[in-house]
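My structure is below; once you've seen it, I'll send some questions.
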Amino acid sequence: MSKTCIITGASRGIGRAIAVSMSIRDDISNFVLISRTESGLEETAKQMNSEKHITYFALDLTHYEAVKDLVHEIGLEYGTIDMLINVAGYANPKSILETSIKDWDKTYQINVHSIFNITKETVKFMKITGGKILNVASTAGGSARPGWLAYASSKAAIINMSQTLSEELSEYGILVYCISPGRCATELRKVLAPDEDPNTIMQPEHVGEVVGQLLSDNGVCLDGQNIVVRKQVKKNQKKQPSKQTT
Ligand SMILES: NC(=O)c1ccc[n+]([C@@H]2O[C@H](COP(=O)([O-])OP(=O)(O)OC[C@H]3O[C@@H](n4cnc5c(N)ncnc54)[C@H](OP(=O)(O)O)[C@@H]3O)[C@@H](O)[C@H]2O)c1
């Protein structure tokens, strides 16, 4: 059956790797990629399986009404939305005294409110046919991260949202997954740990593979769990210095 999948944060990093990995599958025909940077989305589309129907939209997810309209159009065009993968995220690591209310707001708008908004609109279609939603949280959301207050607490919110929605939406045949990656070599990680050597940590493709398996038809029964995706550091491999590790 030809399925439709929306992926946010697809212009680079983990979102791009997930899009590439998902595009290898036979069951999904239509991909809709969303983030603000058109050139990044274009590059992601180029790296994906060229046999798929791929559309992309340069859109700020915190423009809630525009996102609602877009999801509505997608639902009408394809009849339903089978998968929603919420990857987009923002981090500006600071202590409580350094965090302004403006930055607190921005973190929550991108990391929490935008997921609520796009998920709500998607569920209006998905509840008729069933489907799968995957949210990207972080290991920072599951334990204390002094100095990362806004980011870590916003990721904790995603973990709970995913667990709550997993139960709330089960009656519609909607499965809700949550993954919490550890340290992964992306632009966002550079903000969190500027001195770290990206070659020593997990790569976005590793996360892409895990998501591909989780959302496959083989029926991995892990919805509702907070699934940690982390590369083990070898015993003799020294951890790179960073403000915090995840
Ligand atoms: N890297 C890690 O170590 C790590 C660990 C745990 C969790 N994560 C999570 O993984 C997810 C992906 O991050 P990443 O590491 O791949 O970082 P990244 O390479 O910086 O990617 C972030 C993505 O989010 C998009 N985005 C940010 N703000 C947006 C907005 N307002 N509207 C639309 N799109 C927006 C960016 O696209 P545009 O700039 O084009 O809009 C980009 O595609 C995030 O949720 C992050 O918290 C990362």
Side-chain angles (χ1 to χ4, degrees), residues 6-21 32-45 47 56-67 70-71 85-93 103 105-118 134-143 145 148 150-159 161-162 177-194 196-208 210-211 226-231 233 239-240 242-246:
I6 300 178
I7 305 174
T8 75
S11 62
R12 57 176 188 264
I14 291 172
R16 171 178 288 167
I18 290 174
V20 172
S21 164
V32 181
L33 313 178
I34 307 173
S35 77
R36 292 164 304 181
T37 315
E38 189 162 358
S39 56
L41 292 170
E42 191 181 0
E43 177 55 32
T44 301
Q47 292 184 24
Y56 50 84
F57 297 88
L59 184 62
D60 189 324
L61 289 161
T62 65
H63 294 171
Y64 306 122
E65 288 306 316
V67 173
L70 176 61
V71 173
I85 307 182
N86 288 311
V87 189
Y90 167 77
N92 187 12
D103 199 53
D105 259 352
K106 182 174 176 181
T107 307
Y108 271 72
Q109 279 176 18
I110 298 172
N111 291 0
V112 183
H113 303 352
S114 78
I115 292 190
F116 158 74
N117 186 53
I118 195 168
L134 183 136
N135 297 325
V136 177
S138 168
T139 48
S143 55
R145 290 294 191 277
W148 296 10
Y151 178 73
S153 61
S154 73
K155 292 296 180 179
I158 296 171
I159 293 169
M161 279 164 73
S162 307
Y177 296 84
C178 180
I179 62 158
S180 282
R183 307 176 300 151
C184 183
T186 66
E187 286 187 29
L188 183 141
R189 179 66 196 172
K190 274 189 213 150
V191 175
L192 295 173
E196 186 176 61
D197 177 354
N199 297 313
T200 61
I201 60 175
M202 183 165 68
Q203 301 301 306
E205 293 70 28
H206 296 133
V207 184
V210 171
V211 170
N226 175 35
I227 301 151
V228 172
V229 183
R230 181 189 269 145
K231 184 182 167 193
V233 179
K239 269 192 176 178
Q240 294 292 313
S242 66
K243 278 189 188 170
Q244 280 289 316
T245 55
T246 60

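We number each residue from 1, following the sequence as shown. In each ligand, atom 1 is the first atom listed, and ligand 1 is the first ligand listed.
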**Asked** Which ligand 1 atoms are under 4.0 Å away from a heavy-atom of Gly89?
**Response** 22 (C), 24 (O), 27 (C), 44 (C), 45 (O)
**Message:** Are any of the N/O atoms on Thr37, whether in the backbone or the side chain, positioned under 3.5 angstrom from an N/O atom of ligand 1?
**Reply:** yes
**Message:** For Val87, is there any backbone N or O sitting under 3.5 Å from a side-chain donor or acceptor partner on Thr8?
**Reply:** yes
**Asked** For ligand 1, is any non-hydrogen atom under 4.0 Å from Ile110's backbone (N, CA, C, O), its side chain (CB onward), both, or neither?
**Response** side chain
**Message:** Using a 4.0 Å cutoff against the non-hydrogen atoms of Ser11, which atoms of ligand 1 qualify?
**Reply:** 36 (C), 37 (O), 38 (P), 40 (O), 42 (C), 43 (O)
**Request:** Using side-chain contact (heavy atoms from CB on, under 4.5 Å) as the criterion, list what pairs up with Ile159, not counting sequence neighbours.
**Result:** Ala137, Gln163, Cys178, Ser180, Asn226
**Within reach of ligand 1, part of Ala58 (heavy-atom separation under 4.0 Å)** = neither
**Prompt:** Out of curiosity, is Asn111 lining ligand 1, as in a heavy atom under 4.0 Å away?
**Reply:** no
**Message:** Among Ile14, Val87, Thr186, which one puts a heavy atom closest to atom 11 (C) of ligand 1?
**Reply:** Val87
**Request:** Could you list which atoms of ligand 1 come closer than 4.0 Å to a heavy atom of Val136?
**Result:** 9 (C), 10 (O), 11 (C)
**Nearest heavy atoms of Asn111 and Ala88, plus distance in Å** = OD1-O, 4.5 Å
**Interatomic distance, Ile201 atom CD1 to Arg230 atom CZ [nearest 0.5 angstrom]** = 12.5 Å
**Message:** Donor-acceptor check, side chain of Lys155 to backbone of Val136, threshold 3.5 angstrom: yes or no?
**Reply:** yes
**Under 4.0 Å to a heavy atom of Gly13 - the qualifying atoms of ligand 1, by number** = 16 (O), 19 (O)
**Asked** For ligand 1, which atoms sit closer than 4.0 Å to a heavy atom of Arg183?
**Response** 3 (O)
**Of the listed options Val207, Thr8, Val228, Leu188, closest to atom 17 (O) of ligand 1 (non-hydrogen atoms)** = Leu188
**Request:** Provide the number and element of each atom of ligand 1 under 4.0 Å from a heavy atom of Leu59.
**Result:** 32 (N), 33 (C)
**N/O donor-acceptor pair under 3.5 Å between Arg16 side chain and Gly40 backbone** = yes
**Message:** Would you say that Cys184 contacts Met202 through its side chain, given a criterion of any heavy-atom pair below 4.5 Å between the two side chains?
**Reply:** yes
**Prompt:** Hey, looking at atom 2 (C) of ligand 1, which of Pro204, Cys184, Gly40, Ser39 has the closest heavy atom?
**Reply:** Cys184
**Message:** Counting only heavy atoms from other residues, nucleotides and ligands, does the tally under 6.0 Å from CD of Gln47 exceed 12?
**Reply:** yes
**Request:** Show your reasoning for whether side chain to side chain donor-acceptor pair (under 3.5 Å) applies to Ser11 and Thr37.
**Result:** CA-CA 6 Å; Ser11 62; Thr37 315; 4.6 Å; no
**Prompt:** So, is Arg36 polar-close to ligand 1, with some N/O to N/O distance under 3.5 Å?
**Reply:** yes
**Prompt:** Could a heavy atom of Ala140 be found less than 4.0 Å from some atom of ligand 1?
**Reply:** no
**Asked** For ligand 1, which atoms have a heavy atom of Asp60 less than 4.0 angstrom away?
**Response** 30 (C), 31 (N), 32 (N)
**Item:** Full working for side chain to side chain donor-acceptor pair (under 3.5 Å) between Asp103 and Tyr108
**Value:** CA-CA 9 Å; Asp103 199 53; Tyr108 271 72; over 6 Å; no
**Fill in**
In short, Ala140 meets Tyr151 closest at the heavy-atom pair CB-CE2, 4.1 Å
**Asked** Is the shortest N/O to N/O distance between Tyr90 and ligand 1 below 3.5 Å?
**Response** no
**Message:** For atom 4 (C) of ligand 1, tell me which residue out of Ser138, Gly182, Ser35 has the closest non-hydrogen atom.
**Reply:** Gly182
**Asked** So, do Ile34 and Leu61 sit near enough that their side-chain heavy atoms are less than 4.5 Å apart?
**Response** yes
**Item:** contact_flag Met202 ligand 1 heavy-atom lt 4.0 Å
**Value:** no
